[in-house]
Enquirer: 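Can you read through this structure? Questions will come right after.
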Amino acid sequence: MDSSLLVKEKKERVYHLPDLESAEEGKVVMRIAPGPSGPLHIGHTRVSILNDEYVKRYGGKLIARYEDTNPEKIDPEAYDMIPEDLEWLGVKVDESYIQSSRFEIYYDYTRKLIEMGKAYVCTCNGDHWRELKEKKMACPCHDLPVEVQMERFEKLLNGEYKEGEAVAVVKTDLCHPNPAVRDFVALRVVEHPHPLTGDKYRAYPMMNLSVAIDDHLMGMTHVVRGKDHLNNTVRQQYIFDYFGWKKPVYYHYGLVNIPDTVLKTSLIKKSIEAGEYSGWDDVRTGTVRALKRRGIRPEAIRRYWIESGMKSVDIQFSWDGLYSMNRDIIDGISNRYFFVDSPVRYDIEGIDVIDGKAPLHPDHPERGDRIYKIDGSKTIFISEEDSKQFSDAGKIRLKDLCNIEYGMPAKYIGNDVSILKHGAKAVQWVSRDSVKASILMPDGTVREGLAEKALLDEKCDSVQFERIGFVKIEKKNPDIIETVFTHR
RNA sequence: GCUCCUGUAGUGUAGCGGCCAAUCAUGAAGCCCUCUCGAGGCUUCGACACGGGUUCAAAUCCCGUCGGGAGCACCA
């Protein structure tokens, strides 16, 4: 019998996404459209991964479009941070555009809409205009002649209206049963300077205008985005219809509820400025940077979203689920080391020299061992918690080294592993030549302790501290080893 | 209030008229293995929201009820 049949290969998990409707091989064009208000967070990764995954599957191109049409909500650094985040995620962007450099385009199309009688410039009070819409009624500006609208529009562009005094509106259907799709604002006046264009423009397009125009101009074949845009899609389709443009195929996945995580960039930014968070990669936040820092692999994030699929049901994000997928990836590559939390010192008597060794990875003996030789005063440290256990139980096994009996000093009592079968616990320990080390936990607290010296020679930045969990090495020198906790 | 989306185990997912006394993963519990509370192996727990129809046959189609979510912004 073939013995290989007995060794069951670890089953490769299969992840798949549903097919895209009318997707032509090599001709799929999709986009991700972040607003540059801060770096990406875990919530943003879904739309990024999904679009990227489809473009990779069918072939075509992925466009990154920075939707910076609200100057008040822009963090100039985001223009650089987002591409970095995308790159780390493994999202391959083929073309990038910045909407603030395309205002003239949006103005031109708005003029065309006005000429067609499909848009108007409204100078009514905003609240009043909304009340009328609620009652399915047109405001006085709605039906003004085209020449007047055009005149007003040029005034809007030239800055002759102050903020709130006028807006350009796209007509839809005032009697539409869904109040959310009746006439929507296309351009508004903003006096706040734009980080990129300064005070060059005063008329700022609203997303529904710029998105519709860009989706057409950039040749989008498929649009995948969150369900929260459902009504926006309906609005944008009016513009497509007015111009007779071919519409992309739209998909709207359900909302994701991400528990126990700070995601709001404005909040994070505030905390950073207040000195409460160390930066955008503070482990207490849900930014992509924080995940990276914690040792979450982009492939795990990708798998997570692919497995979640594109259903329009709202879902609950599960950190456990993500960790499990990440563990799949890092378990094999992470060598094992001992870390001792809040070390308690013990000297061992009753033997001259103690030798020991432990595999770098129990599933990969070929990687070699950590070699131990304890001599001289034979000092070791175990964690405070294990120390208590030691004094209670009287006997304990220093894993991969020897057994000892409680006392000051402790007494060497052989190296028979079978002591474990008789109730003794195996605990991790470090010798006197260990290195100071710390683990930054996800809640921001820091565990201080000692790590074994062999870790200094480790090449991979992901390791497992036995019985503690996986950590990512952030800083490593003979004086200090700083790590960040990944997960168990 | 109006409109839209949506309801399969704790979570995520498969199934889309008979092969479903419902898949897989995660989670929980237990056992085995392992000198880690990791990995691996085995076992167990746990779901078609409810009520009507249509049909020989429904998780799958239709209607209603109830539940969840979103939008009705001069944010994206």
Side-chain angles (χ1 to χ4, degrees), chain A residues 8 10-11 13-16 33-37 67-70 72-73 99 122 125-127 129-130 133-134 136 161 163-169 176-182 184-190 203-204 206-208 210-211 225-235 252-257 259 303-309 311-325 327-328 330-332 334 336-338 356 358-359 361-364 397-401 403 415-421 424-428 464-470 487-488:
Chain A
K8 214 164 156 191
K10 191 183 166 187
K11 254 190 257 159
R13 286 188 195 171
V14 201
Y15 303 90
H16 68 281
S37 58
E67 306 203 329
D68 55 347
T69 53
N70 180 3
E72 292 172 43
K73 275 197 189 168
Q99 288 193 318
C122 177
N125 168 280
D127 294 334
W129 177 73
R130 247 171 269 126
K133 261 200 333 183
E134 198 68 34
K136 305 187 178 177
Y161 292 114
E163 241 176 57
E165 282 184 355
V167 287
V169 177
H176 199 286
N178 185 352
V181 311
R182 295 176 200 153
F184 60 89
V185 177
L187 288 128
R188 59 168 180 157
V189 177
V190 180
Y204 281 79
M206 303 296 287
M207 72 158 316
N208 284 307
S210 52
V211 165
R225 56 177 170 180
K227 215 165 88 171
D228 48 328
H229 286 296
L230 230 25
N231 284 326
N232 289 323
T233 298
V234 178
R235 291 167 168 154
H252 300 92
Y253 57 76
L255 265 36
V256 190
N257 183 14
R303 284 189 198 173
Y304 188 89
W305 291 126
I306 291 174
E307 192 177 77
S308 295
K311 295 204 304 189
S312 36
V313 215
D314 298 343
I315 60 170
Q316 198 70 25
F317 180 82
S318 157
W319 286 104
D320 271 346
L322 179 67
Y323 294 162
S324 160
M325 291 178 190
R327 196 178 295 117
D328 251 14
I330 65 171
D331 181 59
S334 304
R336 272 53 172 169
Y337 293 95
F338 291 167
H361 196 299
D363 305 331
H364 299 279
R397 170 155 181 83
L398 301 174
K399 186 170 177 278
D400 304 303
L401 189 72
N403 307 326
N415 189 21
D416 185 358
V417 183
S418 69
I419 191 173
L420 297 174
K421 296 216 159 57
K425 290 283 287 180
V427 302
Q428 281 63 29
Q464 188 205 53
F465 282 151
E466 284 190 27
R467 237 164 102 237
I468 291 173
F470 295 91
H487 48 63
R488 295 219 99 162

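Quick caveat, the model's predicted, so the values are computed rather than measured. Atoms considered below: every heavy atom in the structure, side chains included; atoms not considered: hydrogens, waters and symmetry mates. First the proteins, then the strands, lettered A, B, ... as listed; each starts at 1.
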Enquirer: Aromatic rings A:Tyr323 and A:Trp319: how do their planes relate, parallel, tilted or perpendicular, breaks at 30° and 60°?
Expert: tilted
Enquirer: Between A:Glu67 and A:Val211, which heavy-atom pair has the shortest distance, and what is it?
Expert: OE2-CG2, 3.3 Å
Enquirer: Within the sub-3.5 Å range, which N or O atoms of nucleotides 27-31 of chain B have a protein N or O partner, and how far apart are they?
Expert:
none

Enquirer: Counting side-chain heavy atoms from CB outward, which of B:rU36, B:rU6, B:rG71 is closest to A:Gln464?
Expert: B:rU36
Enquirer: What's the gap between B:rA58 and B:rA21 when it is taken at their P atoms, as a whole Å value?
Expert: 11 Å
Enquirer: Taking A:Arg488's backbone N and O only, do any of them form a donor-acceptor pair with A:Arg327's side chain (distance below 3.5 Å, no angle check)?
Expert: yes
Enquirer: Say we look at B:rC5 and B:rC62: how far apart would their P atoms be, to the nearest angstrom?
Expert: 13 Å
Enquirer: Set out, in order, the CA-CA distance, both residues' side-chain angles and the distance that settles side chain to side chain contact (heavy atoms under 4.5 Å, CB included) for A:Phe338 and A:Asp400, then state yes or no.
Expert: CA-CA 11 Å; A:Phe338 291 167; A:Asp400 304 303; 3.6 Å; yes
Enquirer: For B:rA9 and B:rC63, measure between their C1' atoms and round to the nearest Å.
Expert: 28 Å
Enquirer: Round to the nearest Å and state the distance from A:Tyr323 atom OH to B:rG38 atom C1'.
Expert: 16 Å
Enquirer: Search all heavy atoms of A:Tyr304 against all heavy atoms of A:Gln316 and return the closest pair with its distance.
Expert: OH-O, 4.0 Å
Enquirer: Identify the two heavy atoms, one from A:Ser334 and one from A:His361, that lie closest to each other, and give their separation to 0.1 Å.
Expert: O-CD2, 3.2 Å
Enquirer: Answer yes or no: does a side-chain N or O of A:Arg130 lie under 4.0 Å from OP1 or OP2 of B:rA73?
Expert: yes
Enquirer: What closest approach, in Å, do A:Cys122 and A:Val169 show between heavy atoms, and which atom pair accounts for it?
Expert: CB-CG2, 4.1 Å
Enquirer: Provide the distance between the two P atoms, one in B:rU23 and one in B:rA59, to the nearest whole Å.
Expert: 14 Å
Enquirer: Once Watson-Crick and G-U wobble pairs under 3.5 Å are found, how is RNA chain B written in dot-bracket notation, 5' to 3', with | for any base paired to another strand?
Expert: (((((((..(((.....[.....)))((((((.......))))))...(((((..]....))))))))))))....
Enquirer: Does this structure show an ion pair linking A:Arg397 with A:Asp416, if we count only N-O contacts that are shorter than 4.0 Å?
Expert: no
Enquirer: Which comes earlier along RNA chain B counting from the 5' end, the contact point of A:Gln99 or that of A:Ile468, where each point is its nearest nucleotide?
Expert: A:Ile468
Enquirer: Quick one: A:Lys73 NZ to B:rA73 P, roughly how many Å, whole number?
Expert: 15 Å
Enquirer: To the closest 0.5 Å, what do you measure between CG (A:Asn257) and CD1 (A:Ile315)?
Expert: 9.5 Å
Enquirer: When the P atoms of B:rA29 and B:rG68 are considered, how many whole Å apart are they?
Expert: 30 Å
Enquirer: Report the residue (A:Leu255 or A:Val190) whose heavy-atom-nearest nucleotide on RNA chain B is the more 5′ of the two.
Expert: A:Leu255
Enquirer: Report which part of the nucleic acid A:Phe338 touches: base, sugar-phosphate, or nothing (heavy-atom distance under 4.0 Å, all strands).
Expert: nothing
Enquirer: Specify the separation, in whole Å, of atom CG of A:Asn232 and atom P of B:rC74.
Expert: 12 Å
Enquirer: Expressed in angstrom and rounded to an integer, what is the separation of A:Asn231 atom CG from B:rC2 atom P?
Expert: 16 Å
Enquirer: Atom CG of A:Asp228 to atom C1' of B:rA73: distance rounded to whole Å?
Expert: 14 Å
Enquirer: Between B:rU8 and B:rU55, how far apart are the two P atoms, rounded to whole Å?
Expert: 28 Å
Enquirer: Contact class for A:His229 (heavy atom, under 4.0 Å): base, sugar-phosphate, or nothing?
Expert: base
Enquirer: Output the single nucleotide from B:rC35, B:rC4, B:rA76 whose closest atom is nearest the side chain of A:Leu230.
Expert: B:rC4
Enquirer: Remember a base hit wins even if backbone is also touched, and classify A:Pro362 as base, sugar-phosphate or nothing at under 4.0 Å, heavy atoms.
Expert: base
Enquirer: So what does A:Ser334 touch, heavy atoms closer than 4.0 Å: a base, only the sugar-phosphate, or nothing?
Expert: nothing
Enquirer: If we take the P atom in both B:rU13 and B:rA76, what is their distance in whole Å?
Expert: 30 Å
Enquirer: May I have the distance from A:Asn178 (atom CG) to B:rU3 (atom P), rounded to whole angstrom?
Expert: 8 Å
Enquirer: Write out a two-atom table: protein N or O, nucleotide N or O from nucleotides 11-16 of chain B, distance below 3.5 Å.
Expert:
unit_1, atom_1, unit_2, atom_2, d
B:rG12, OP1, A:Gln316, N, 2.9
B:rU13, OP1, A:Ser308, O, 3.1

Enquirer: Nearest whole angstrom, please: distance from the P of B:rC35 to the CD of A:Glu466.
Expert: 11 Å
Enquirer: Against A:Asn208, only a single residue in A:Asn232, A:Asn231, A:Thr233 fulfils side-chain hydrogen bond (donor to acceptor under 3.5 Å, both in side chains); can you say which?
Expert: A:Asn232
Enquirer: Taking atom C1' of B:rC4 as reference, at what distance in whole Å does atom CZ of A:Arg225 sit?
Expert: 14 Å
Enquirer: For B:rU6, take OP1 and OP2 only and decide whether either is under 4.0 Å from a side-chain N or O of A:Ser312.
Expert: yes
Enquirer: List the atom of A:Asp314, the atom of A:Leu255, and the distance in Å for their closest heavy-atom pair.
Expert: OD1-N, 3.0 Å
Enquirer: With the side chain counted from C-beta on, respond yes when A:Glu72 and A:Val190 share a heavy-atom pair under 4.5 Å apart, and no when they do not.
Expert: yes
Enquirer: Between B:rC16 and B:rC20, how many Å separate the two P atoms, rounded to a whole number?
Expert: 11 Å
Enquirer: Over all heavy atoms of both residues, which pair between A:Ser312 and A:His252 is shortest? Give the atoms and the distance, please.
Expert: CB-O, 3.3 Å
Enquirer: Rounded to the nearest 0.5 Å, what separation is found between the OH atom of A:Tyr204 and the CG atom of A:Leu187?
Expert: 11.5 Å
Enquirer: Assign A:Glu163 to base, sugar-phosphate, or nothing according to its heavy-atom contacts below 4.0 angstrom with the strands shown.
Expert: nothing
Enquirer: Between the base of B:rG38 and the side chain of A:Asp363, is there a donor and acceptor pair under 3.5 angstrom?
Expert: yes
